There are 2 protein chains.
Amino acid sequence: MRLRYIELFHAVLSTGSLTGAANLLNISQPAASKALQQAENHLGFPLFGRVRGRLQPTQQALLMRHHIDRIMREMYDLQRLSANITRPESHPLRVTCTPTLAQTLVPDVIARLGKVYPDTSVELFTQHSAPMCESLMLRESDIGLTLQDMSHHGLVQQPLCGGNIMVIAPPGWWPDRDLARPLPIAALAGQPMIGITVQDAMGNMLQGHLAKVDPAPRAHVWVQTYQLACSLVARGGGLALVDPFTARCSREPLQMRPLKLQLDVTLRAVYRPDSPLNGVQTRFLDYVRELAQGLLANAGA
Amino acid sequence: MRLRYIELFHAVLSTGSLTGAANLLNISQPAASKALQQAENHLGFPLFGRVRGRLQPTQQALLMRHHIDRIMREMYDLQRLSANITRPESHPLRVTCTPTLAQTLVPDVIARLGKVYPDTSVELFTQHSAPMCESLMLRESDIGLTLQDMSHHGLVQQPLCGGNIMVIAPPGWWPDRDLARPLPIAALAGQPMIGITVQDAMGNMLQGHLAKVDPAPRAHVWVQTYQLACSLVARGGGLALVDPFTARCSREPLQMRPLKLQLDVTLRAVYRPDSPLNGVQTRFLDYVRELAQGLLANAGA
DNA sequence: ACCGCCCACAACCGCCGGTTATGCCCTCTG
DNA sequence: CAGAGGGCATAACCGGCGGTTGTGGGCGGT
């Protein structure tokens, strides 16, 4: 089975037509036609039925589809890896972090780092867990920052800072003297809340804890991002549970109190175990730790 | 990245030399040399260092190795699948089962089936769980028989018959009148036993149950197969826990009693959900069920 | 009925991937 | 230390694979 055939097969199934596949592969339509016939000849069974002048995948072709897709994906990954493997030390700082951190902590860190290393170029990606792992493994980025546990063989994670889930509320919700006191989760019973449906480990954890509260909090609005929850809370939509970085960095007028759950959100750095971090990278992580601890200390106080 | 290069890279890392790789790929050594240079040219960094006239993989090359190996494996799988996809109904009965079943139940089933379908050719493979899944998914075989749970997306499993773990002992170990009575697991405390280290779900389950017994059974000998355990038990080595098929079909002089654990070993048929089973195949499964139930009834009585 | 889309076939051609022949370097050995 | 041998690189050569353009036929929509 030549790779040519696999690419062609994949392209035809992607575009739905042979000419489309030919365009995708940057070859002419007759070349694709001939290649497809060769592939079928080689395999011994037809891959597509020619029905009414169109190509329609055979049953056998559909059986091979998953494998073909996997191979194409692997090839793509290899491509990415080999492209990133070339430059060993050209990009001193390539960071990928979750959207939440990209909107709160990381800009300050990069700004501060830029004053010390003005000539260092920084690449910042925002990705969720799975693509973050890929990006690190394929050497598209060197350091990942996340609030989730990212156990992954081939990557090490280093806890930088721990904090509490924060309950945010419209201004004046609580007496000011209470703001430093952790709020027991039972106090959320029956309260109006903004639901968080973000599909990550922390989102699930929050859902799990809220499910135990009786009577259940009343959530009329469900949002996908913590930022959006901040905005809605500030407009009087109710309470919400967010990570401490979002809570502290939000531009909205908000009250916030830590939720009484011991140390349940941890900022972690993730990177490849080979090739120890260089000067800029370690300095970057130092700044992340410092600023994060500063933020969380403020938030907790 | 051409597939050619990937194959070559894999071959060089497999054989350790370029000429070896060339032989493996059935091409001449200069062709391999040229291809390797093209690959390195294309990638932009050397894959192998030429040190003292030999090839030595670069650090970068080793980074790509896992991906390359995965791609080669995928290609091999695709090859197998496409080879088996060709013949839709040529092999009416291709069965894969675990070694235990191949030595006990299946021969009788095949013999019986041969009397009804004398012209049907049967292919029997013996494989452990993971290769069994592969074999079924790649259509190298049509029906799998196993005593383990084989949950696998893309395959369905059908329970055929349930039975008990059996305790086997040298002749005369128990009074004959006790043989039908299930033995409580606590009765194994402090007994001499043959340990089973077979690495499958049932082996782990047995280990788990035995670990709870106090004082722990005394196992001086550990074996990898149930058959071997039978032989050692028959020679007075102590007791052993085996699946009911091995116990019942062993040629050794043995006593056996069911272990008091409710219905903890299940004979299952596994096959692809598409393409319903044909006549021979359903008849085969009928016979498996009948003979298995007969065996287990005998064993339990 | 016509046009447009899509696929198949034909004829042609450049270059990729193979070959054989040969040379260099290193290692091992008597 | 000289010679043998294994391993890789280079050179010169060649066939066919993989591409092109040009064309024709089947089908559907207007």
Side-chain angles (χ1 to χ4, degrees), chain A residues 1-62 65 68 71-72 75 78-79 82, chain B residues 1-62 65 68 71-72 75 78-79 82:
Chain A
M1 193 70 173
R2 325 278 283 218
L3 185 59
R4 206 89 265 248
Y5 302 158
I6 294 179
E7 288 174 330
L8 180 59
F9 179 92
H10 187 253
V12 171
L13 280 186
S14 299
T15 65
S17 82
L18 211 163
T19 50
N23 287 333
L24 199 62
L25 299 179
N26 288 317
I27 61 177
S28 66
Q29 174 267 322
S33 177
K34 197 162 57 170
L36 183 58
Q37 291 174 61
Q38 286 171 339
E40 295 179 325
N41 232 357
H42 177 81
L43 286 173
F45 55 89
L47 286 171
F48 295 90
R50 278 68 171 174
V51 49
R52 291 195 302 274
R54 299 301 187 93
L55 260 56
Q56 193 155 12
T58 316
Q59 203 62 31
Q60 293 97 332
L62 293 178
R65 177 163 196 178
I68 300 261
I71 291 180
M72 287 303 294
M75 292 296 299
L78 182 64
Q79 205 86 1
S82 65
Chain B
M1 193 72 173
R2 324 277 285 218
L3 184 59
R4 205 86 270 245
Y5 303 157
I6 294 179
E7 289 175 329
L8 179 59
F9 180 93
H10 188 251
V12 171
L13 280 186
S14 299
T15 64
S17 82
L18 211 164
T19 52
N23 287 333
L24 198 64
L25 298 179
N26 288 316
I27 62 177
S28 66
Q29 174 267 323
S33 177
K34 197 162 57 168
L36 183 57
Q37 291 174 62
Q38 286 172 339
E40 295 179 327
N41 233 355
H42 178 80
L43 286 174
F45 55 89
L47 286 171
F48 295 89
R50 278 69 171 175
V51 49
R52 290 196 301 275
R54 298 301 188 91
L55 291 183
Q56 194 153 12
T58 315
Q59 203 61 31
Q60 292 97 332
L62 294 177
R65 178 163 196 177
I68 300 262
I71 291 180
M72 286 304 292
M75 290 299 298
L78 182 65
Q79 205 86 2
S82 67

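A quick note: this is a predicted structure, and the numbers were derived from the prediction, not measured. Chain naming here is simple, since letters A, B, ... match the order of the sequence lines and numbering starts at 1 in each.
Under 4.0 angstrom from either OP1 or OP2 of C:dC7 there lies no side-chain N or O belonging to A:Ser33. Put simply, B:Ser17 has no side-chain N or O that comes within less than 4.0 Å of OP1 or OP2 on D:dG6. A close approach under 4.0 Å does occur between a side-chain nitrogen or oxygen of A:Gln38 and OP1 or OP2 of D:dG18.
Contact detail for A:Ala32 and A:Leu18: the closest heavy-atom pair is CB-CD2, 2.9 Å. A pairwise comparison of heavy atoms in A:Thr19 and A:Gln29 identifies CG2-CG, 3.4 Å as the closest pair. Closest approach of B:Ala21 to B:Thr15, counting heavy atoms only: N-OG1, 3.1 Å.
Rounded to an integer number of Å, the gap from A:Leu8 CG to C:dA8 P is 11 Å. Per the geometry, CG belonging to B:Leu36 stands 15 Å off C1' belonging to D:dT10, to the nearest Å. For the pair B:Arg2 CZ and C:dC16 C1', the computed distance is 8 Å after rounding to whole Å. Counting to the nearest Å, the P atom of C:dC5 and the CD atom of A:Gln29 are 13 Å from each other. Distance B:Tyr5 OH to C:dG17 C1': 9 Å, rounded to the nearest Å. A:Phe48 places its CZ atom 11 Å from the P atom of C:dA8, with the value rounded to the nearest Å. The NZ-C1' distance, from A:Lys34 to C:dC13, rounds to 11 Å in whole Å. For the pair B:His42 NE2 and C:dC16 C1', the computed distance is 14 Å after rounding to whole Å.
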Next on the checklist: Please determine whether side chain to side chain contact (heavy atoms under 4.5 Å, CB included) holds for the pair B:Tyr5 and B:Ile68, giving the CA-CA distance in whole Å, both sets of side-chain angles, and the decisive distance to 0.1 Å.
Outcome noted: CA-CA 10 Å; B:Tyr5 303 157; B:Ile68 300 262; over 6 Å; no
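In this structure, of D:dT20, D:dG18, C:dG17, it is D:dT20 that holds the atom nearest to the side chain of A:Pro30.
Remark: the A:Ser33 side chain and the A:Gln37 side chain contain an N/O donor-acceptor pair separated by less than 3.5 Å.
Contact of the B:Phe45 side chain with the B:Thr58 side chain is not registered, since no non-hydrogen atoms from C-beta on lie closer than 4.5 Å. Side chains of A:Arg2 and B:Leu3 form no contact here, defined as non-hydrogen atoms less than 4.5 Å apart.
Near DNA chain C, defined here as any heavy-atom distance below 4.0 Å, there are no residues from residues 20-28 of chain A.
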